[in-house]
Structure formats: C-alpha cells, structure tokens
Amino acid sequence: MKKSFIVLAFILAFLAYSGLGAAPVSAAEIEITNVSYDPTRELYEEFNAAFQKYWKNKTGDDVTIVQSHGGSGKQARSVIEGNEADVLTLALAYDIDEVEQAGLVAKGWQARLPKNSSPYTSTIVFLVRKGNPKNLKDWGDLAREGVGIITPNPKTSGGARWNYLAAWAWADKQYNHDEKAIIEFITKVFNNVLVLDAGARGSTNTFVQNGQGDVLLAWENEAYLSIAERPGEFEIVTPPTSILAEPPVTVVDEVVEKRGTRELATEYLNYLYSDEGQRIAGKHYYRPSNPEILKEFGQYYDLSTQLITIDDPLFGGWATAQKYHFSDGAIFDKIYTK
Amino acid sequence: MAKSRTQAPSKHGRRGYRQENPYLRRLLIILSLLFTILMLVLPLVIVIYQAFGTGWDRFWAAVTNTFTLKALYLTILTGSFAVIFNTLFGLTAAWALTRYSFRGQGILITLIDLPFAISPIIAGLIFILTYGRLGWAKPILDEFNLKIVFATPGLVLATIFVTLPFVARELIPVLTARGTDEEQAAVLMGAGFFRVFFKVTLPHIRWALIYSVILCTARAMGEFGAVSVVSGHLRGKTNTLPLHIEILYNEHHYNEAFAVSAILVVTSIVILTARSVVEYLSRREGDDVR
C-alpha cells in the first residue's frame, strides 16, 4: 500500500509539474516573424525596438517581432518547409527567388521595394589578425601558400557566395577573362580554407573566438562587429575591388495572407528605408542605401573601393550566377571536390 | 555489483587482484581519473567559472532574461510531454514484449532501439518531410489548422523520438528477470488486469521505472540536434534552452551563454543525484536497478 502510494505521489508530482508549464506566458499580441540571415542579429534587435515604438505611436498597438537567424540558404529552406515568416530579410536575392519558386512569394518581388528591395548594402572585406602578419592586401594574396582562410560554405551561406564571387571578379580582371586561370586561382584559394562553417556567424566564431586561420572573408558589418567586440586584436583590410552585396527584404505573401499581417509587415519593411531605419543600419556597419545617410557614416567605409554588382555582365544576375557557379555539379562543386 | 562480491574470494580476500600487477592497477586508475578530469570535470568547472566570470548581476540578468525564461519554460514543457509519453509507451511496450509472445517481437525490440542508433538530424528531417509545408501530411494538418514542425508539437515529437528507448529498455530486462509466476498466481486468484499490474507488477519495477524516467528527463532536457532541425529558431517561441545557448554564443554573448549553460549543468547534477538516491534506495530494498 505504502509503496504504491509513493508511485502515485510521483506521478501526481509530475502531472503538477507539467500542468504548471502549461500556463500561458503572455496574452495575445500582434506578432510578425522576421526570418533573417546570420549577421543581422544586432541590427534587427535595435531596429525592432525602434519600429515597435513607431508603430505604437502610429496605431496604438503593441507589436511583437519574432526573430530567427541562421545561414541564408538554410533559412530560405526552412521557410519553404513551413517556417512561417511574415518577412524575409536574407543575404541575397537568389535565396528569396527559391522561396518565390516554391510559391510563397509573388513573382517580381524584387521590384516591390526601392533599390532592388535592398535597404542596406554591404561588401566583402578581409578581417586579419593585428599587424596583418601575412601581409594580405588583395585577393591575389589569398592564393599564396601557407595562408589559412576561414569562410563559410557557399552552398549554405549567402555571405560565402559573395566571398566567392568577389574573388572571381578580381581574378577575371587579373587574368583577362581567362576562365581556366580564374578557376585555378579560386581552387588555390579554397585549398587554403581551413574551416568551412555553414553560416557567416559560425565562421566569425571560428576565426575570432577559436583563433583559427590568418584571414576571415567576412561581411564588412561582421568584420566591424568583431573589431568592436575584441578591440585591438584584428584589422580590416578592404581590398581595392570587391563586390556590392545587396541583401534584399520581402513580405512573404502566402504567410501574410493567411495571418492578415500584410499591412504591418509592409510597413515594417518600409521603415527600413526611413531615415531612422537607415541610421540604425549605418550604426551596425551596413551601408545605408540612401546616399545622404551613407555620407554620414563615411568615416567607416572605404568609399573608393570599386564595387562590382551581381547584375554586372560578368555574373548576369543571381539566377545565372547561381546556376553557373553553385548549383550541384557546377564550378564550385568541381573546385571543392578536387 | 552484487555479483563481483560473490566471485571467488581468494585467501587474501580482494588483495589477490592487487598482487597480480600493482603498477598496471595504478596506471589504469590514474588514466581513468585523468581522463575524467580532463574531459568532464575541468570543462564543467570552466562553464561555471565563465558563467560567473563577469559577476553575479550579469549572471542573474542572463538567467532571468525574458527569452531565457521562455526557453526554460519550453524545455520543461517539451521534456514533460516526452517523459509522460515515454513512460506510458515504455510500460506498454515492455509489458507487451515480456508478457506476450507474438510474431515480429524481435523486430519490435530492434525498432525501439532505433533512436539510439540513428543520427538526430535524420530524426528531425523525417518530421520535416512528413509534417512540413511540402510534407505528405500537410493537407490533413491544414484541414484541422494544426502546426507541427516549426512549432511546439514538433519540438515535443523530436524529443519523444530521441528519448523513446529509455523507459522500455530499462523495464524489459527487469520484467524478464522477474518472470510471470506471481502474476499468474494473482490471475488464478481472480485479480483483474489493473489489479495485477498495480499490486504485483508495478511494485517490482517501480525503481527501474523511476530510474529510467530520471534518465529520460536528463536526455530530454538537453536534446539539441533533432530539436534544432524542427525548431526554425524562432526566438521566444521555438527556442529551447540548448538552442538558446547556441544563439547567445553566436551573438557574442559568451558570459550569458555560459550563465544559461549553468542552468542545464545544475539540472544535470540534480538529476544525477536523484539517480544515485534511487540506486541507493533500490539496493536497500534488494531491487537493484543497476
């Protein structure tokens, strides 16, 4: 009798314990989900707070913004699989194109907002250890023997695809469009890669926290953030040519229709283009797309760098570049399996 | 435990082993001690040290942060569901496998063990492929307006999957060893199924049951892999404690990440203590669970 009582007490305790957990944490609020890529965590933390205030002033409603961060390609995948994002703020247009092809985003999404739907831009720079001991100045130096490179995997990370294409753009000029020589150069660069993480933030941790490698190929904003986190340990080298990375944003039509959040989600994205939104982007080391506000942050950026865009004939837009370089069996696969 | 004590006592008692090779004995003890310290104790101490590295205030702020509390709540919720489900499943499966004999019994025993052998990422992906937006069950889910993956039910399913074998695996040997004599006697005396179960079977297996529930809880609280795949990483919504720790770490909030890790470390220590207490109590009653 006594023994079964103990067992009963145990079961009851467990039920009480789980019942306790079932109590609701918060009342219903208007809520939108922003599925974003890796390095935008700090940016959206601050931007969301600003937008909440703005929305409260405008409508009197409280809005909650749920954030999700990860490698851009991986995030796009999760939205296709059913992770319900009201807005997508990814690293490159191709990842949103994939979501469009899955039927979640309307065709022609990139024309819905100004500047190719990219409220802020960035570029790819080198983050090197203090004093630049390996003397890395330009893309050509990355192919040197004994240089340890950290970059995420172009298959899963948007930033990594920009890294690869920036190196390609340099080599195209250097070797006068000789594709064989370009591929040889890119192969050398990737042979120097020590760790290929899935996302940009993973690579930053590998380089900054775990001390691996001589150079991190990084988003400009991510590089500045590392310097702010660990002052005096690193330097940024902005190569003379690089790529203009345009991380685009969009409303996910299927989700906002279902949830009735289109107005709020659209306003959220528009606010990224407002002066306040632009300044927050600038503060987090993204290049504001508004040229006036970009000037305010001129001291950070080497504005003399020659930036080539993805729509340059060399790449012919994301759809072409993706197919040519990154799809299965394309150039990157050949290089990396060599 | 009990067995080794009864094994061939030599003239010098247990000394006989020592005389064989005192150096080997010392070497093995030192090696295992060293390994435990380097692999377990030292890292755990460092976690605790890092957690308090910037003072109690920052630790407390990290632990009582809204997102941490939501993650803790979610971890407790998913863990509770997983443990309750697996207790019921474990009892059912163990009973069926030891009290009845049927075709496919061997296959069922093997299948219960599958989650031990399969990589958690596969566990996560199966749920995505089944219940995701492109999954075959999607139309049915939409019919009832249900959301499984990238929501709490998905987290519960993934946790149940990885902890499935714990209870059944622990109970099967105990039930087999006990045999069915007492239960058959009870049935002959006219006891019904539930009476037999609660009066005869349960008292025998209760220590093993509690023991396995404790282990199952430990595993469920710490599950990372499968849960990571089905979570979608929605902060404050589908982030369990282990996922929250990863996010904090990735956001350069190292001290906060370790502060939250300390919650899990302390939980593990509590769970291990509970396990030892159960082992002690069960041994005292002669129902050694180990």
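By convention in this document, chain letters (A, B, ...) are assigned in the order of the sequence lines, proteins followed by strands, and residues within each chain are numbered from 1. What you see is a predicted model; the values in this text were computed from it and never measured.
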Measuring heavy-atom distances to chain A, does [X] have an atom under 4.5 Å in its side chain, in its backbone, in both, or in neither?
X	answer
B:K147	side chain
B:Y249	both
B:L69	neither

Using non-hydrogen atoms and a 4.5 Å limit, figure out which bit of [X] sits close to chain B: side chain, backbone, both or neither.
X	value
A:A102	both
A:L104	both
A:S78	both
A:E229	side chain

- Task: Please determine if A:E98 and A:R77 form a salt bridge, counting it only when a charged side-chain N lies under 4.0 Å from a carboxylate O.
- Result: no
- Query: Taking NZ, NE, NH1 and NH2 as the nitrogens, is one of them in A:R259 or A:E84 under 4.0 Å from a carboxylate oxygen of the other?
  - Reply: yes
- Query: Any chance the side chains of B:E183 and B:T201 put a donor and an acceptor closer than 3.5 Å?
  - Reply: yes
- Item | A:W219 and A:V125: CA distance, side-chain angles, deciding distance, side chain to side chain contact (heavy atoms under 4.5 Å, CB included) verdict | CA-CA 6 Å; A:W219 292 102; A:V125 298; over 6 Å; no
- Message: Quick one: does any side-chain atom of A:S226 pair with a main-chain N or O of A:E222 as donor and acceptor, under 3.5 Å?
- Response: yes
- Query: For A:E45, does its backbone N or O pair with a side-chain atom of A:E42 as donor and acceptor, under 3.5 Å?
  - Reply: no
